[in-house]
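Down below is the structure, laid out as structure tokens.
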Amino acid sequence: MTGEDLRHLCDRLKPFGGASVFAEMSALAVRTGAINLGQGFPDVDGPTAVSEAAVDAIRGGFNQYPPGIGHPVLRHAVAEHQQRFWGLEFDPDSEVLITAGATEAITASLLALTGPGDEVVTFEPYFDIYPADIALAGATRRLVQLHPPDYSFDPDELAAAFGSRTRVLLLNSPHNPTGKVFTAEELDVIARLCVQHDVIAVTDEVYEHLTFDHNVHVPIATRPGMAERTVTISSAGKTLSFTGWKIGWVCASPLLVKAVQAAKQLLTFVNGGPFQPAVAVGLGLGDEYFSDLAADLQARRDLLCDGLSAAGFKVAVPQGTYFVIANVSGFGETDGLEFCRSLPQRCGVVAVPVEVLCDDKAFGSPLVRFAACKRPEVLEQAVERLASLTP
């Protein structure tokens with residue numbers, strides 16, 4: 001897309017107005033018949049009980065506007081889920097807001113809580129919507145790098161990113177794209193800085209149930225001083241494998257929920273009427289569903305990581321999420337973007353370059369991201385194709 005094509009777009013969004021690399025890679029997959037391990041969505045639907053509940057809801061009349069804060073049945077299910085898994089207590093009538101996926105929840109939170117002159121601290125690499133949302137709000141991002149191989153952060157670098165204009169700390173854990181699960185000790189470092197600087201934490205926790213190898217997700221809202229200054233965000237997409245339904249939620253104090261709702265009601269107003277009671281059914285599934293979900297994805301992660309390592313990639317084994325980051329330097333290459341553009345023709349697999357998820361292009365350049373959330377037989381075929389690469 002050219003600058004002329006973007007002439008009507010406001011300046012703050014022009015850097016984000018062109019065709020994304022995700023669209024480019026998906027188009028490459030279609031054009032070449034390559035296996036698409038670029039996009040993060042499963043290739044099978046979630047539990048039948050949940051999809052049948054959506055059909056029942058359509059037939060049962062849940063087809064008009066739901067209440068502005070969401071159907072009561074889902075708000076109560078979200079509150080029960082937060083208490084059941086994380087020990088967090090939320091009033092479903094004043095501290096839970098249903099949104100159009102986590103994407104809208106994050107956007108609405110940043111629009112509500114930040115503006116021109118404010119700064120948002122977040123980590124690099126980042127999920128691709130974060131810089132666009134910060135720009136949309138008119139705020140400025142302050143980035144703190146997650147350093148390989150374990151993607152830890154330097155507490156001094158984080159402390160230096162906070163200042164008098166810091167309004168929000170935007171945290172994603174488990175983290176896309178690195179697969180890092182922030183530890184309780186790391187979260188305590190973050191929490192102390194938020195309290196010290198009177199900063200609100202907006203947390204993207206959509207992979208909360210997808211952690212591996214005994215790594216445990218810890219919501220930052222559980223850390224000292226954070227309950228009243230955290231906007232906790234998650235969604236049904238990753239946990240229930242219905243990404244297209246776009247049902248998410250915000251859990252926070254009443255004042256923060258009201259602030260986020262003020263922005264949310266100007267975006268979608270409401271959404272997903274018949275899907276909301278269906279998601280409530282999903283959140284009420286037994287513990288074995290959630291543990292089996294993580295165990296199944298861990299097996300897929302292992303299949304993909306082993307295949308990538310055997311093919312010549314330097315692999316950082318993720319602690320959670322859908323994704324695996326691999327370094328292409330083992331092939332004598334340093335440009336992950338060009339590597340990804342050539343990969344479909346070279347072996348019939350699509351990945352995503354990590355540099356598009358970084359401000360520091362040199363930092364992200366040798367890294368590429370693969371999605372492990374596909375069926376085992378698809379991953380096996382991808383691994384076979386990747387084995388044909390020559391280091």
Side-chain angles (χ1 to χ4, degrees), residues 20-30 32-46 101-103 125-129 151 172 174-181 204 206-212 235-244 293-311 313-328 336-337 339-341 343-344 346-358 364 367-387 389:
S20 74
V21 73
F22 298 94
E24 178 186 350
M25 295 303 149
S26 293
L28 265 177
V30 172
T32 62
I35 297 172
N36 190 351
L37 299 187
Q39 288 189 294
F41 61 86
D43 52 3
V44 294
D45 286 343
T103 300
Y126 41 68
F127 181 46
D128 64 316
I129 71 165
Y151 291 105
N172 176 207
H175 182 265
N176 174 13
T178 67
K180 173 186 176 59
V181 178
D204 177 354
V206 298
Y207 297 100
E208 58 191 327
H209 290 291
L210 299 177
T211 60
F212 316 132
S235 79
K238 306 305 188 295
T239 296
L240 299 177
S241 298
F242 290 107
T243 58
L293 178 73
D296 179 66
L297 186 58
Q298 180 172 326
R300 301 184 198 201
R301 176 208 66 174
D302 291 344
L303 192 165
L304 180 57
C305 285
D306 290 347
L308 289 169
S309 295
F313 292 90
K314 298 176 182 178
V315 177
V317 178
Q319 299 170 332
T321 79
Y322 279 173
F323 304 108
V324 176
I325 283 187
N327 192 308
V328 302
L337 177 57
F339 183 89
C340 286
R341 284 172 172 160
L343 196 59
R346 291 169 67 179
C347 72
V349 176
V350 164
V352 167
V354 173
E355 74 169 65
V356 303
L357 308 176
C358 301
L367 306 176
V368 298
R369 190 194 77 176
F370 294 88
C373 53
K374 309 302 181 181
R375 287 169 290 138
E377 57 268 30
V378 173
L379 295 174
E380 288 168 358
Q381 187 179 7
V383 164
E384 289 177 5
R385 295 184 181 188
L386 289 163
L389 291 171

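Numbering of residues begins at 1 and proceeds along the displayed sequence. Excluded from the calculations below are hydrogen atoms, water molecules and symmetry mates; all remaining heavy atoms, backbone and side chain alike, are included.
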Check: Where is the tightest heavy-atom contact between Thr321 and Phe212, given as atom of each residue plus distance?
Finding: O-CZ, 3.4 Å

Checklist line | Check: Arg385 side chain, Gly348 main-chain N or O, donor-acceptor pair, under 3.5 Å | finding: yes

Next item on the list: For Asp43, check salt bridge (charged side-chain N to carboxylate O under 4.0 Å, His left out) against everything at least two apart and list the hits.
Entry: Arg375

Checklist line | Partner residues of Phe339 under the side chain to side chain contact (heavy atoms under 4.5 Å, CB included) criterion, sequence neighbours left out | finding: Phe313, Val328, Phe331, Glu333, Leu343, Arg346, Val368, Leu389

Checklist line | Pairwise side-chain contact, Ser20 with Asp128, heavy-atom cut-off 4.5 Å (strictly under) | finding: no

Check: Does any non-hydrogen side-chain atom of Leu357 lie less than 4.5 Å from one of Phe127?
Finding: no

Note to self: Just so I know, are the side chains of Leu297 and Arg301 near enough to count as touching, which here means a heavy-atom distance under 4.5 Å?
What the structure shows: no

Check: Is any side-chain heavy atom of Asn327 less than 4.5 Å from a side-chain heavy atom of Leu367?
Finding: yes

Margin query: Cation-pi check for Phe41 against Lys374: NZ or CZ below 6.0 Å from the six-membered ring centre and within 45 degrees of the axis, yes or no?
Written below: yes

Note to self: Run the side chain to side chain contact (heavy atoms under 4.5 Å, CB included) test on Asn36 and Ser26 for me, step by step, so that the C-alpha distance in whole Å, both residues' side-chain angles and the decisive distance to 0.1 Å come before the verdict.
What the structure shows: CA-CA 7 Å; Asn36 190 351; Ser26 293; 3.4 Å; yes

Next item on the list: Taking all non-hydrogen atoms of both residues into account, name the closest pair between Ala294 and Thr211 and its distance.
Entry: CB-O, 3.7 Å

Next item on the list: Output all residues satisfying side chain to side chain contact (heavy atoms under 4.5 Å, CB included) with Val30, sequence neighbours left out; order by chain, then residue number.
Entry: none

Check: Are Leu37 and Leu379 close enough, and set up right, to give a side chain to side chain contact (heavy atoms under 4.5 Å, CB included), and what steps lead you there?
Finding: CA-CA 9 Å; Leu37 299 187; Leu379 295 174; 4.0 Å; yes

Next item on the list: Please examine the side chains of Val352 and Phe323, heavy atoms only from C-beta on, and report whether any two atoms are closer than 4.5 Å.
Entry: no

Item checked: Gap between atom SG of Cys340 and atom CZ of Phe370 - 0.5 Å precision -> 6.5 Å

Checklist line | Heavy-atom side-chain contact between Pro318 and Pro177 under 4.5 Å | finding: no

Item checked: Interatomic distance, Leu28 atom CG to Arg341 atom CZ [nearest 0.5 angstrom] -> 8.5 Å

Notebook entry, point to check: At their closest point, which heavy atom of Leu386 faces which heavy atom of Cys347, and how far apart are they?
Noted result: CD2-SG, 3.9 Å

Notebook entry, point to check: Run the side chain to side chain contact (heavy atoms under 4.5 Å, CB included) check on Arg369 and Asn176 step by step: do they pass?
Noted result: CA-CA 10 Å; Arg369 190 194 77 176; Asn176 174 13; 3.1 Å; yes

Notebook entry, point to check: Quick one: does His209's side chain have a donor or acceptor within less than 3.5 Å of a partner on Lys238's backbone?
Noted result: no

Item checked: Heavy-atom pair with the smallest gap, counting every atom of Tyr151 and Ala316 -> CE1-CB, 3.9 Å

Checklist line | Distance-minimising heavy-atom pair for Thr178 and Ile325 | finding: CA-CD1, 3.7 Å

Notebook entry, point to check: When you measure from the side chain of Asn172 to the backbone N and O of Pro174, does any donor-acceptor pair fall under 3.5 Å?
Noted result: yes

Notebook entry, point to check: So, for Pro42 and Tyr322, which heavy atoms are closest and what is the spacing to 0.1 Å?
Noted result: CD-OH, 3.5 Å

